[in-house]
Amino acid sequence: SSSSPTTLPRSDSIADKMPDALKQSRYHMKRCFASFVRGGKKLMKRENLMTEIEKCIEDSHDRKKIMEGLFGYILTCTQEAAVVPPFVALAARPDPGFWEYVKVNAGDLTVDEITATDYLRLKESVFDESWAKDENALELDFGAIDFTTPRLNLSSSIGNGADYISKFISSKLGGNTDKLEPLLNYLLRLNHHGENLMINEDINTVAKLQKSLMLAVNVVSTYPKHTPYETFAPRLKEMGFEKGWGNTSQRVKETMVMLSEVLEAPDSVKLDLLFSRLPTVFNVVIFSVHGYFGQQDVLGLPDTGGQVVYILDQVRALEEELLIRINQQGLGFKPQILVVTRLIPEARGTKCDQELEAIEGTKHSHILRVPFVTDKGTLRQWVSRFDIYPYLERFTQDATSKILQRFECKPDLIIGNYTDGNLVASLMATKLGVTQGTIAHALEKTKYEDSDAKWKELDPKYHFSCQFTADLIAMNVTDFIITSTYQEIAGSKERPGQYESHTAFTMPGLCRVVSGIDVFDPKFNIAAPGADQSVYFPYTEKQKRLTKFHPSIQELLYNEKDNQEHMGYLAEREKPIIFSMARLDTVKNITGLVEWYGKDKRLREMANLVVVAGFFDMSKSNDREEKAEIKKMHDLIEKYKLKGKFRWIAAQTDRYRNSELYRCIADTKGVFVQPALYEAFGLTVIEAMNCGLPTFATNQGGPAEIIVDGVSGFHIDPNNGDESVARIGDFFSKCSTDGLYWDSISKAGLKRIYECYTWKIYAEKLLKMGSIYGFWRQVNEDQKKAKQRYIDMLYNLQYKPLTKKVTIPEDKTLPLRLAS
Ligand code: UDP
Ligand code: LCN
């Protein structure tokens, strides 16, 4: 081990533990490693390693002993192994965000610690030998050009970036007045349409600011506390103060004292308080490019789901919070929020062909739609989000000029959504020099196994080469990243996070990413969405129930004749309902749920099954995955003879009626099941819980964090149908013996929601990010510029040529899509 006193004790690392682990049972280890390398090069996942071990160590006592020892520990940390005989290289992850790579020689069991680069090269040689051998293969290393940004160092701090940044900044500001210069400059730049806010150039040094603040506090103190700002505005102006401090003398005084205190001795608590008062954000642009973005008749269409719901709710919450703050700042300005999306001329009965649409439930917010234009003219039809790359650059330019026209100034904050929106937001924010945030909703990379290593095979269908490059660009450009859960960033003990999977990965033949993103970067923040609580409220709130929908919901659930909207019927109406609702994507695994139900006699006897998903008629769908799922559903209904027990309802677009549907399911003492193979967050889970419906949701992704298993709902394993079905069955049987059980889970679900998943909490956090990262980007300006240069090259030399490979459809090859 190392003698250097500055390095960690080597015994902490996997590489150091490994030799001892192998020694603990050399005989068995030799056999195991020999079997790993048998059959030549390959990539093995932990499960594959386990299967081999079971074969090699037949004696279960020996096996148990080994698995309880060091080797067992190392194996549980191992995410995958690249087998390149005689070597087996392990990618181990002892804790969220921490990775180590070791190479074991299967012949003599010698162990070497290797770098991420070495590991990726070994992995590549499984897929593309010549690329792996190429000395000059393209490597991306964002870490190498970002060395001044501070980093968190505890797994448990990941996702609290804004807090960390404000601590870091306040430590930088302390000491002497020179160090406070950046804060002064930040205040000097605050403006609305070019009009100064807070202070003007008369106050051009920190010393002047401190002195003027003292004088101003004295002046303001002479007025009774509710005196409106306008009364004493002229007197403050003489001293170099502009509006923005507050609406009353009391508030103005408080804000001034806060700033004085920060100038005297900065600390993060005071800094946060001050920043929550500064007038920094009035005009916000939110990009959500793909799909059908609209307020009616769009949900459930391909690529159109939770993201749309999330953004519309986000806008409502954000506008409300902005109005409160702007009023308290004593400013009469109107906040403007623009959701910018694609205009689709062939809107198929939706409003997606309208340029401007006011957002319901807001006073000043709008949807702005801008068409996709290419050399061939305007693209008229919907395109899949996987084929969207050729249009984005031109879209950014067109959208930017429309937005500037509408706002008559630059936005204060630009937020991107999903790969396409995030890329567009990055281009625009860089061009205009505006603070940017991104939201992934789902990073596609984690949804498909080995989507990076096997990108070549998948590219014709999915264009992951474009998508993963665009994702890397956006996550590196952006000032902050909003995530819905911790797992989205850094996963759990067992499973890497969605962002974490971009730390080191490779696309053989394209590029080797040796450091793509660092999950310890303080740009990451968790701000979970909620569900609109005026719509999704508990089934027990009788006086609020939307009873006008009851006849149509009765029809939807129980009418025995098949029609356009539903097929199959429920013969026994008194039984509770197992309910699910999702887009008919493969990953949503609705067909999986139908199959589990079909196979399980006990469950079929205890409850009916109702799902809302997609269409029945294949010709109505233009989406590859959706078509395959439709066919599978029909087959399952036949195979398990589900008529009389199962109701299939087509995609539903009215959120009010949907909310009442959840509540009607609760009336039957039913449950909601979210069986996805992988779910990034899962809005339906929180909608169901808000309605008081006990919920079973996938343990793969966000829902695992939303629900505390066995307390506020239940986790199910989508890859283990038998076990999942048993859990649901056990629940119903417990309910039949314990009259209070259903109710206790329902209540615990609601409690969980109120504590952690509301839009009010979200909006406060988002505005804090907007201002603190706005300041940080100025403090960290040089680093940001240097990195931007590197990113510009990646964009122009790598990303743009990739987008040229995506086909732009001709008008006559219009995908056929029917209206809802
Ligand atoms: N949804 C709907 N009708 C459907 C299917 C889904 O209104 O036929 C809504 C659902 O209520 C939820 C959203 O679409 O608000 C789906 O969000 P989620 O996060 O569950 O999944 P996503 O579709 O975003 O992957
Ligand atoms: C996209 C998804 O796939 C869901 O998991 C999320 O809930 C939704 O976006 C909203 O963020």
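Position 1 is the first residue of the sequence; numbering continues from there.
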Seminar exercise, completed: CG (Leu546) and OG (Ser659) are apart, to the nearest 0.5 Å, by 5.0 Å

For this session: Could you check Val594 against Leu609 for side chain to side chain contact (heavy atoms under 4.5 Å, CB included), going step by step and ending with a plain yes or no?
Result: CA-CA 8 Å; Val594 174; Leu609 177 66; 4.1 Å; yes

For this session: State whether a side-chain donor-acceptor pair under 3.5 Å links Asp297 with Thr350.
Result: no

Exercise. Under a 4.0 Å N-O cut-off, is there an ion pair linking Lys643 with Asp562?
Worked result: no

Seminar exercise, completed: Between Pro371 and Phe395 the two heavy atoms that sit nearest each other are O-CD1, 4.2 Å

For this session: Decide side-chain hydrogen bond (donor to acceptor under 3.5 Å, both in side chains) for Gln533 and Tyr757; before the verdict, give the C-alpha distance in whole Å, the side-chain angles of both, and the deciding distance to 0.1 Å.
Result: CA-CA 11 Å; Gln533 288 172 334; Tyr757 298 97; over 6 Å; no

Exercise. Side chains of His290 and Asp420: is there a donor and an acceptor less than 3.5 Å apart?
Worked result: yes

Problem set entry | Modelled atom types, side-chain donor and acceptor of Tyr799 and Glu393, under 3.5 Å | no

Exercise. Does a side-chain N-to-carboxylate-O contact under 4.0 Å join Lys447 and Asp585?
Worked result: no

Exercise. Minimum heavy-atom separation for Phe732 to Ala607, with atom names?
Worked result: CE1-CB, 3.9 Å

Exercise. Is there a salt bridge (Lys or Arg N to Asp or Glu O under 4.0 Å) between Lys575 and Glu605 once you walk through the steps?
Worked result: CA-CA 9 Å; Lys575 285 189 178 165; Glu605 268 160 23; over 6 Å; no

For this session: Under the salt bridge (Lys or Arg N to Asp or Glu O under 4.0 Å) rule, what do Asp313 and Arg316 come out as? Steps first, then yes or no, please.
Result: CA-CA 5 Å; Asp313 287 347; Arg316 286 184 269 266; 3.1 Å; yes

Problem set entry | Donor-acceptor under 3.5 Å (Ser621 side chain, Met618 main chain) | no

Exercise. Can Glu449 and Lys454 be counted as an ion pair, charged N to O under 4.0 angstrom?
Worked result: no

Problem set entry | Glu629 side chain to Leu584 backbone, donor-acceptor under 3.5 Å | no

Exercise. Do NZ/NE/NH1/NH2 and the carboxylate oxygens of Glu355 and Arg369 come within less than 4.0 Å?
Worked result: no

Problem set entry | Under the side-chain contact (heavy atoms from CB on, under 4.5 Å) test, residues paired with Leu570 that sit two or more places apart | Tyr558, Ile577, Asn608, Val610, Arg647

Exercise. Does any N or O in the side chain of Asp459 come within less than 3.5 Å of the main-chain N or O of Lys456, such that one atom is a donor and the other an acceptor?
Worked result: no

Problem set entry | Any residue meeting ring pair (Phe, Tyr, Trp, His ring centres under 6.0 Å) with Phe696, in chain and number order, not counting sequence neighbours | Phe714, Phe731

Exercise. So, the side chain of Asn417 versus the backbone of Phe287: is there a donor-acceptor pair under 3.5 Å, distance only?
Worked result: yes

Problem set entry | Check: His715 side chain, Ile707 main-chain N or O, donor-acceptor pair, under 3.5 Å | yes

Exercise. Rounded to the nearest 0.5 Å, how far apart are CG of Asp387 and CD1 of Ile808?
Worked result: 10.5 Å

Exercise. How about Tyr310 and Tyr762: are their ring centroids closer than 6.0 Å?
Worked result: yes

Exercise. Should we count CG of Asn719 as having more than 12 external heavy atoms under 6.0 Å?
Worked result: yes

For this session: For the pair Gln79 (side chain) and Glu494 (backbone), establish whether a donor and an acceptor sit closer than 3.5 Å, ignoring hydrogens and angles.
Result: yes

For this session: Output the distance between atom CD (Gln564) and atom CZ (Phe616), rounded to the nearest 0.5 Å.
Result: 8.0 Å

For this session: Just do the side chain to side chain contact (heavy atoms under 4.5 Å, CB included) check on Ile578 and Leu603 with the steps written out, would you?
Result: CA-CA 10 Å; Ile578 300 170; Leu603 205 56; 3.8 Å; yes

For this session: Spell out, as yes or no, whether a donor-acceptor pair under 3.5 Å connects the side chain of Ser501 to the backbone of Tyr499.
Result: no

Problem set entry | Ring-ring centroid check Tyr662 Phe672, cutoff 6.0 Å | yes

Exercise. Taking 4.0 angstrom as the limit, do Arg655 and Asp532 come out as a salt bridge?
Worked result: yes

Problem set entry | Glu625 vs Lys461 side-chain heavy atoms within contact, under 4.5 Å | no

Exercise. Side chains of Gln700 and Thr698: do they bring a donor and an acceptor to under 3.5 Å?
Worked result: no

For this session: Kindly indicate, with the supporting measurements, whether the criterion side-chain hydrogen bond (donor to acceptor under 3.5 Å, both in side chains) is fulfilled by Glu705 and Tyr486.
Result: CA-CA 8 Å; Glu705 202 170 313; Tyr486 180 94; over 6 Å; no

For this session: Kindly assign one of parallel, tilted or perpendicular to the pair Tyr462 and Phe464, based on the angle between their ring planes and the thresholds 30° and 60°.
Result: parallel

Seminar exercise, completed: When every non-hydrogen atom of Ile344 is compared with those of Gly291, the smallest separation belongs to CD1-O, 3.2 Å

Exercise. Is it true that Glu595 and Lys632 make a salt bridge, defined as a side-chain N closer than 4.0 Å to a carboxylate O?
Worked result: no

For this session: Report yes or no: is the cationic atom of Arg583 (NZ for Lys, CZ for Arg) closer than 6.0 Å to the six-membered ring centre of Tyr292, at no more than 45° off its axis?
Result: no

Seminar exercise, completed: In short, Phe293 meets Cys352 closest at the heavy-atom pair O-SG, 3.5 Å

For this session: Without swapping roles, check the side chain of Lys645 against the backbone of Arg604 for a donor-acceptor pair under 3.5 Å.
Result: yes

For this session: Evaluate side-chain hydrogen bond (donor to acceptor under 3.5 Å, both in side chains) for Asp617 paired with Ser619, printing each intermediate quantity in order.
Result: CA-CA 5 Å; Asp617 181 354; Ser619 69; 2.9 Å; yes

Problem set entry | From Thr684 atom OG1 to Phe579 atom CZ, the distance as rounded to the nearest 0.5 Å | 9.0 Å

Problem set entry | Closest contact, heavy atoms only, Ser451 versus Leu458 | CA-CD1, 3.8 Å

Exercise. Is a salt bridge present between Asp730 and Arg602, judged by a nitrogen-to-oxygen distance below 4.0 Å?
Worked result: yes

For this session: Show your reasoning for whether side-chain hydrogen bond (donor to acceptor under 3.5 Å, both in side chains) applies to Gln307 and Tyr418.
Result: CA-CA 8 Å; Gln307 181 172 322; Tyr418 195 72; over 6 Å; no

Exercise. Run the side chain to side chain contact (heavy atoms under 4.5 Å, CB included) check on Trp648 and Ile630 step by step: do they pass?
Worked result: CA-CA 11 Å; Trp648 179 9; Ile630 294 173; 4.2 Å; yes

For this session: Flag this pair as yes if the NZ/CZ of Lys445 is under 6.0 angstrom from the six-membered ring centre of Phe505 and inside a 45 degree cone about the axis; otherwise no.
Result: yes

Exercise. Would you say the side-chain atoms of Thr341 pair up with the backbone N or O of Val289, donor to acceptor, closer than 3.5 Å?
Worked result: yes

Exercise. For Gly416, does its backbone N or O pair with a side-chain atom of Thr438 as donor and acceptor, under 3.5 Å?
Worked result: no

For this session: Might you confirm whether atom NZ of Lys601 has over 12 heavy atoms from other residues, nucleotides or ligands at distances under 6.0 Å?
Result: no

Exercise. Would Arg385 and Glu444 pass as an ion pair if we require N to O under 4.0 Å?
Worked result: yes

Problem set entry | Salt-bridge present (Arg657, Glu660; N to O < 4.0 Å) | no

For this session: Drop me the distance from Met581's CE to Lys588's NZ, to the nearest 0.5 angstrom.
Result: 11.0 Å

Exercise. Counting only heavy atoms not in Lys45, do more than 12 fall under 6.0 Å of its NZ?
Worked result: yes

